[in-house]
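Note on naming: letters A, B, ... go to the chains in the order of the sequence lines (proteins, then strands), and numbering restarts at 1 for each one. What's counted below: heavy atoms across the whole structure, side chains too, no hydrogens, waters or symmetry copies.
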Amino acid sequence: MDEEGKIEQEKRDEDVVNRNSTHVWLNVPSTSANLVGVCNTETICREDFMGSGTSHSSAPMVDSFGRELWSRACDPPFENFGYCEASALNNSNISDPSGNRRIGPASFRSDGGWNPLPPMLKGGLYALNPPNMLPGSFCVPQFPTDSGFIERAARFSCFSGGNFGSLVNPFSIPENIGHYPVGPGPMDVFLSNCVKLGSELNVEAAEDVEMASKEGTSLGCTQENGEKDACIMMSRDAAEQGVGLSSNDSDEGESCGNRGGQANTPIANNAGGEGSSKEVGLRKRKRNNGKEAGGDKNKEAQGVGKNGGESQRKVEHPGSTSCKGTEKSDKRGAQAADPPKGDYIHIRARRGQATNSHSLAERVRREKISERMKLLQDLVPGCSKVTGKAVMLDEIINYVQSLQRQVEFLSMKLATVNPRIDSNIEGLLAKDMMMPRAGPSTLGFSPEMTAAYPQMHLLPPGLVPPDAVRRAIHGQTASSLPRARDHPQNLGRKGMKFKQEGKKKKKRKKRKTKKKKKKKKKKEGDSRD
Amino acid sequence: MMHNPSKVKQKILKKFIMGLRSCNSSHENLSVSERRRIIKLSADLALASVRNGSRRWSRAIIEEASRSPDNKGLVQQMLGSDGDNHLPGPIPWEGRSDRNGAGHVTKSKSVVAASSKKIVKRCRRVRRSNGRAPRRNEAASIAKRLVKKRTQLLKDFVPGGRDMDDVSLIEETLDYMVWLRAQVDVMRALACSLPTTSS
């Protein structure tokens with residue numbers, strides 16, 4: 001598949017990335033793939049990149065997103081910066097145990113964490129070689145273009161996020177048509193590179209546009225004419241549009257296949273001047289964004305350097321177009337590729353910790369247990385402040401015990417009432433459809449009164465034959481309503497009794513008296529017989 | 001887990017009432033305690049059958065119930081066509097039960113694995129305790145002991161929890177707690193909706 005090829009390409013780019021941490025690949029068979037290892041690996045990776053203390057999340061809740069980030073980390077360093085921020089955000093937001101994958105992308109929506117990024121990019125990336133931007137190396141693999149791309153990206157990072165829709169400049173296009181006789185080629189290299197990054201970046205700054213237009217005039221793209229329309233939609237910059245248009249044809253296939261920025265293969269196919277590859281990239285991105293208007297606006301709104309967030313959001317919008325989906329599909333492909341690799345979780349030793357496989361396995365096991373204990377904490381009422389396994393287990397045991405006792409108590413109660421069941425069963429089914437749905441609040445009402453309502457509220461979920469229900473309802477309502485009207489107080493009292501019983505049952509959770517009472521009832525029941 | 005609690009409860013209720021019907025028809029004149037036992041059994045089976053054998057505790061419940069000959073009729077009635085999935089047989093570690101040889105293998109494997117783990121641990125403990133200096137970290141060891149005791153207790157409470165390691169035990173407990181609560185709600189609703197009569 002294309003996506004897998006792209007993923008491989010991305011991973012080949014890992015050469016650019018330095019990874020200094022010690023890592024031990026621990027094969028831990030596990031049914032829950034990705035749960036533990038990914039988070040750790042990506043946190044450690046982030047540490048390497050940033051050299052700063054990005055917070056680890058001890059609760060490895062990040063799975064697919066971690067993988068995503070990891071694969072994205074293989075991209076040119078520029079994106080790594082973005083991802084470092086992303087991961088830091090991600091980790092900090094996903095530290096709570098109940099966090100699902102959904103928390104991951106949600107965290108990226110918050111723009112707060114992203115602000116530091118642009119200035120950093122600005123400062124750091126301008127150091128890159130400007131000359132490399134220009135098409136000195138047309139047939140060269142990605143790296144030289146990456147630097148130019150990075151520089152481009154850096155420039156874009158200055159610009160505030162916003163809708164590409166606002167960039168629409170329908171009038172600028174005709175000016176550019178004649179300017180670009182040169183066909184796409186190395187421009188596409190840059191384009192595809194830019195596309196990946198640029199899709200998130202904002203291209204709104206006028207300065208850049210002007211620069212691009214100036215550079216663009218030097219080149220010509222004959223093929224661009226057909227692509228004008230697409231560009232028109234999105235691009236504000238005339239020059240850029242012209243160039244972008246030219247590359248459209250070739251880039252179409254590229255973009256769909258290459259959003260991940262793996263321009264190598266398609267690059268080779270393209271011929272033509274690179275020239276204003278920057279602009280081309282810009283245009284291409286704009287064009288692509290134009291094509292994927294809806295989805296891209298999402299991306300664009302994210303603004304500068306939100307690559308990680310972009311990837312996250314892309315995951316969230318699986319319904320995007322193919323072009324947009326390439327990056328997504330890269331990640332998805334990465335994600336999809338990971339589970340099939342096996343049930344093993346690759347875990348990295350954290351900094352300053354033993355790398356013995358046993359201790360790593362122990363750590364994994366401990367983390368799993370603690371994570372699940374946290375889930376249990378949410379379930380067991382009144383255990384939010386409890387810390388420590390022993391106390392938690394104590395509470396859990398008590399709760400399970402009390403639930404089981406309640407079941408026994410209720411079965412005893414039902415046993416005393418049992419004889420009437422046969423006649424009432426269908427009616428009960430009708431009524432009790434209401435009860436579970438309405439919850440404990442209806443326990444306060446009399447059952448007869450609720451029978452009046454089923455015909456209105458009852459939606460046969462397919463579990464109970466509607467005929468039986470209707471019969472029961474009509475049968476019941478005719479007889480029950482007068483009763484209800486006649487003796488509302490009695491029924492209310494009855495209901496209250498039931499409610500109180502229910503409450504009492506709950507309060508008896510940890511008291512041993514419940515056992516005694518149950519025994520008493522048993523004796524009573526036996527004595528009755 | 002429980003995506004639609006009300007629907008799940010309805011399912012449980014339906015099966016429960018089915019079971020009650022069948023036990024009523026078959027056992028007419030029973031003592032209250034016997035009735036209680038049967039009611040509880042049918043409630044448990046209803047719960048387990050709705051859970052559909054995808055969890056160890058549900059399979060354990062069904063297996064336990066089918067062990068005694070008295071209950072077998074009830075079990076079969078309640079489970080009906082699903083009985084093939086749940087009838088006593090090998091309980092695989094995860095997933096649906098296989099009644100072929102593979103299933104047998106998996107069950108024995110898991111049991112053997114668990115027991116062999118215990119043996120190994122015991123050996124290690126013995127080896128360690130021989131001539132070991134008194135532990136400085138008393139608190140930790142005490143805590144460990146407490147935790148162990150409690151996990152043992154928990155294993156007794158959660159059906160089918162005896163042969164499980166800690167991680168899956170906690171998972172099972174989690175699942176079991178949720179569904180047990182649903183069962184309690186269903187039974188309570190039923191009990192409250194029935195007009196109270198003295199038997």
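- With chain A as partner, the option from B:Thr151, B:Leu153, B:Leu146, B:Ile170 having the largest number of non-hydrogen pairs under 4.5 angstrom is B:Ile170.
- A donor-acceptor pair is defined here as one N or O able to donate and one able to accept, closer than 3.5 Å; no such pair exists between the side chain of B:Arg150 and the backbone of A:Leu393.
- The most heavy-atom pairs under 4.5 Å with chain B, out of A:Asp394, A:Val391, A:Ile396, come from A:Asp394.
- Annotation: maximal heavy-atom pairing with chain A below 4.5 Å, among B:Lys148, B:Met177, B:Lys149, occurs at B:Met177.
- In this structure, B:Asp166 does not pair ionically with A:Lys368, as no charged nitrogen and carboxylate oxygen lie closer than 4.0 Å.
- Salt-bridge check for A:Glu362 with A:Arg365: passed, with a basic side-chain N closer than 4.0 Å to an acidic carboxylate O.
- Between B:Lys40 and B:Asp44 there is a salt bridge, since at least one side-chain N of the basic residue sits less than 4.0 Å from a carboxylate O of the acidic one.
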